[in-house]
Amino acid sequence: EVLRHKLLSDADHSLVGMKRRSLVYISGCLWLAIAGMLGKAGIRHMGGLYDIHGVEFLLIAAGIAAGYVKAKFVLAKVVNKEVDRIRTLPEPCGLLELVKPGRIALLAVMGGIAALLKVMSIPSAVHGTIDIAVSSALFQGSILFIIHAMDIQTES
């Protein structure tokens, strides 16, 4: 904690001197990048972009719909809570403010689940549908971050 405070209070450090709006934009861009990677992986599990037919198309649609529901009822609350936390930070903020122990634990759990999906012998179409559902939810969450960032921009 002392080291973190020292890093955040050091004006010459490259991780400080950011506006709250920038932290919200960065959060949205991170979610968007991960959504893109997962979406690509999901399509690859379905057989590739040019080999999608009937059932795969329906599974992709179901994954997108499930992701929408998750984003609407779960991730929207997470995004709002995170943006509210960022809005309370003093400016200039440090990039390290985005790295919290709880988020690292959440990423570790999600990485563990992803690794488990790889070692389990589930059908590729199911794996792809899960990837697409998570991708869809993260994409919609990233849009919420960007909307919040634009709101912060108009406030200042």
Side-chain angles (χ1 to χ4, degrees), residues 4 7-8 13-52 56-118 122 124-156:
R4 187 166 164 261
L7 287 173
L8 293 176
H13 199 275
S14 63
L15 297 178
V16 295
M18 303 178 78
K19 295 184 181 241
R20 291 184 292 261
R21 175 183 65 228
S22 298
L23 290 182
V24 176
Y25 271 126
I26 289 169
S27 295
C29 290
L30 287 172
W31 283 40
L32 183 61
I34 295 167
M37 289 185 284
L38 276 173
K40 181 180 176 184
I43 294 295
R44 194 174 55 246
H45 285 296
M46 295 287 188
L49 188 57
Y50 301 108
D51 289 332
I52 295 174
E56 290 93 355
F57 182 79
L58 292 174
L59 289 173
I60 290 170
I64 291 170
Y68 173 79
V69 170
K70 181 174 181 165
K72 180 110 175 129
F73 297 107
V74 177
L75 291 186
K77 293 175 186 172
V78 171
V79 170
N80 290 335
K81 184 177 176 183
E82 180 65 8
V83 170
D84 288 345
R85 185 189 68 79
I86 290 172
R87 284 180 188 235
T88 65
L89 297 174
E91 283 188 345
C93 306
L95 189 58
L96 293 177
E97 290 295 332
L98 293 178
V99 182
K100 298 290 180 194
R103 283 174 199 78
I104 293 172
L106 178 65
L107 288 173
V109 168
M110 289 172 61
I113 291 171
L116 228 132
L117 283 175
K118 282 186 178 181
I122 61 171
S124 288
V126 173
H127 192 172
T129 304
I130 292 168
D131 285 349
I132 289 170
V134 174
S135 172
S136 171
L138 288 173
F139 174 77
Q140 292 173 60
S142 73
I143 297 303
L144 291 174
F145 271 117
I146 293 167
I147 290 169
H148 280 295
M150 290 189 296
D151 287 344
I152 292 172
Q153 188 170 353
T154 58
E155 289 173 5
S156 47

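In terms of heavy atoms, Glu56 sits closest to Met46 at CG-O, 3.7 Å. Of all non-hydrogen atoms in Leu59 and Ala125, the two that sit nearest each other are CD1-CB, 3.6 Å. Taking both residues in full, the closest heavy atoms of Arg20 and Leu89 are given as NH1-O, 2.7 Å, listed atom of the first, atom of the second, then distance.
Distance check: Leu32 CG to Phe145 CZ gives 12.0 Å after rounding to the nearest 0.5 Å. For the atom pair CZ of Arg44 and NE2 of His127, the computed distance is 9.0 Å after rounding to the nearest 0.5 Å. Atom CZ in Phe139 sits 13.5 Å away from atom CG in Leu38 (nearest 0.5 Å). Taking CG of Leu58 as the reference point, atom OG1 of Thr129 lies at 10.0 Å (rounded to 0.5 Å). We find the CD1-OG distance between Ile147 and Ser142 to be 9.5 Å, quoted to the nearest 0.5 Å. If you take CG on Asn80 and NZ on Lys77, they are separated by 10.0 Å, rounding to the nearest 0.5 Å.
Qualifying side chain to side chain contact (heavy atoms under 4.5 Å, CB included) partners for Ile64, counting only residues two or more places apart in sequence or in other chains: Ile60, Ile132, Ser136.
Side-chain contact check for Arg87 versus Ile152: some heavy-atom pair is nearer than 4.5 Å. Counting heavy atoms from C-beta outward, Gln140 and Trp31 have side chains that stay 4.5 Å or more apart. Residues Glu82 and Leu144 form no side-chain contact, since every pair of their non-hydrogen atoms from C-beta on lies 4.5 Å or further apart.
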